[in-house]
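To start, the structure itself, in structure tokens.
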Amino acid sequence: MTVNVGVIGVGMIGQEHIRRLMTTVPGATVVAVSDVDESKAREAAALLSGVKVYALGEDLIAAREVEAVIVASWGPTHAKYVLAAIRDGKPVLCEKPLATTEADCSAIIDAEAAFGRRLVQVGFMRRFDPQYVAMKETIASGAIGAPLIFQSGHRNASVPAHYTGEMSLTDTAVHDIDIARFLLDDEPETIMVHAPRRNSRAGDVPDPLMTLIDMRSGALVAIETSVHVAYGYDIRGEVIGESGTVSLADRSEVVVKANGAFMGRVPADWRERFAPAFDAEFRAFIAAAGEGRVAGPSAWDGYVATVTTLAGVKALKTKKREPVKLRRRPKLYA
Ligand code: NAP
């Protein structure tokens with residue numbers, strides 16, 4: 001069986017997702033595309049055959065031929081498309097963030113709860129990364145005892161000119177926040193953000209940032225975001241438990257020894273580092289969508305991530321520890 005997919009937003013990641021659906025993921029075909037810039041949608045469609053172009057994302061979602069939806073447009077537009085997909089009863093994979101405001105995230109949760117079953121998967125692809133999955137299994141096995149601290153490092157070689165200090169939380173640390181919840185099976189309670197000595201390449205952007213999150217269990221999450229490190233895309237992670245630790249291993253296809261030193265490869269960007277995670281994320285989405293359901297990170301996970309990053313944005317300004325105030329979790333996400 002083949003799942004007919006419509007893709008909204010054909011920018012950088014939208015095009016990646018189309019390529020992945022057409023070449024890597026079994027049982028999926030892209031049948032429709034939409035973009036606020038219709039000419040870009042036409043260009044994307046021209047590279048494929050039999051793909052319809054819709055001027056409005058809502059019309060793509062409602063189209064008879066579309067069975068599942070990918071939302072890869074600009075963050076502030078996500079909520080309206082996710083709500084439309086829920087209204088039409090179609091599984092939707094929404095790139096992070098689920099929505100950019102707490103109110104929009106809550107509206108999505110309410111709509112999905114009213115629909116009565118999950119239709120939303122949020123694009124936190126790290127949950128499908130084999131290394132993070134192995135870390136979670138190690139923690140769950142009890143091998144390191146109760147987790148006490150999670151240290152996460154998120155380093156980008158560089159970021160685009162429009163990047164801001166707030167994006168360090170809403171676009172970058174949001175992944176670390178979600179994976180912390182996944183690994184520790186815990187919810188954030190408070191957040192504070194330190195901006196130490198600035199990288200001279202960072203211009204006006206406070207970089208690096210050190211974000212400290214107290215979890216409900218008392219465990220501490222410490223996230224370093226450094227987005228001008230120049231040397232590559234480097235994702236670090238270690239959970240310190242009561243009797244042991246588990247960390248992401250440096251991985252390289254080969255190790256080169258020369259001139260009295262040894263070297264491995266640092267990924268260039270998130271596409272290279274997380275390619276296996278994106279593949280697994282899409283395989284899971286398509287397999288579930290074929291049965292009219294979704295798998296993986298939920299609208300609740302998207303909601304918590306947005307509420308936490310917005311509290312972090314506030315903490316960056318106030319330089320104080322800010323509470324992360326979460327609504328009651330609906331039964332649908334138990
Ligand atoms: P991008 O290159 O700017 O692409 C966004 C696309 O959506 C652009 O083509 C944009 O058109 C279009 N768009 C804007 N408003 C729209 C609307 N109302 N309806 C339909 N299309 C609209 O950005 P990107 O890097 O691909 O990011 C897209 C989303 O993916 C963001 O939410 C981002 O946070 C997320 N993302 C996730 C990851 C990850 O690791 N999971 C990595 C990268 C990006 P214009 O350019 O004409 O505005």
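Just follow the structure's listing: the first ligand is 1, and inside any ligand the first atom is 1.
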Discussion item. Below 4.0 Å from ligand 1: does a non-hydrogen atom of H78 turn up there or not?
Written reply: yes
Worksheet item: Protein heavy atom under 4.0 angstrom of atom 23 (O) of ligand 1, is there one?
Response: no
Discussion item. Using a plain distance cutoff, I'd like to know if D37 has any nitrogen or oxygen under 3.5 Å from a nitrogen or oxygen of ligand 1.
Written reply: no
Fill in: Shortest protein contact, atom 41 (N) of ligand 1 (heavy atom only)
E95 OE1, 3.0 Å
Item to complete: Consider only side-chain N and O atoms of Y163 and T172, and report whether a donor and an acceptor are under 3.5 Å apart.
Response: yes
Worksheet item: Among all protein non-hydrogen atoms, which one is nearest to atom 27 (O) of ligand 1, and what is the separation to 0.1 Å?
Response: I13 CG2, 4.0 Å
Worksheet item: Distance only, no hydrogens: is a donor on one side chain within 3.5 Å (strictly under) of an acceptor on the other, for D176 and H154?
Response: yes
Worksheet item: For atom 28 (C) of ligand 1, what is the nearest protein heavy atom, given as residue, atom name and distance?
Response: A72 O, 3.3 Å
Worksheet item: Does the protein put a heavy atom under 4.0 Å from atom 19 (N) of ligand 1?
Response: yes
Fill in: atom 39 (C) of ligand 1: nearest protein contact (heavy atom, Å)
H175 NE2, 3.6 Å
Worksheet item: Would you say T77 and ligand 1 have an N/O pair spaced under 3.5 Å apart?
Response: no
Worksheet item: Among protein heavy atoms, which sits nearest to atom 16 (C) of ligand 1, and what does the distance come to when rounded to 0.1 Å?
Response: V36 CB, 3.4 Å
Practice prompt. Please answer whether the main-chain N or O of V304 pairs with a side-chain N or O of T308 as donor and acceptor at a distance below 3.5 Å.
Written response: yes
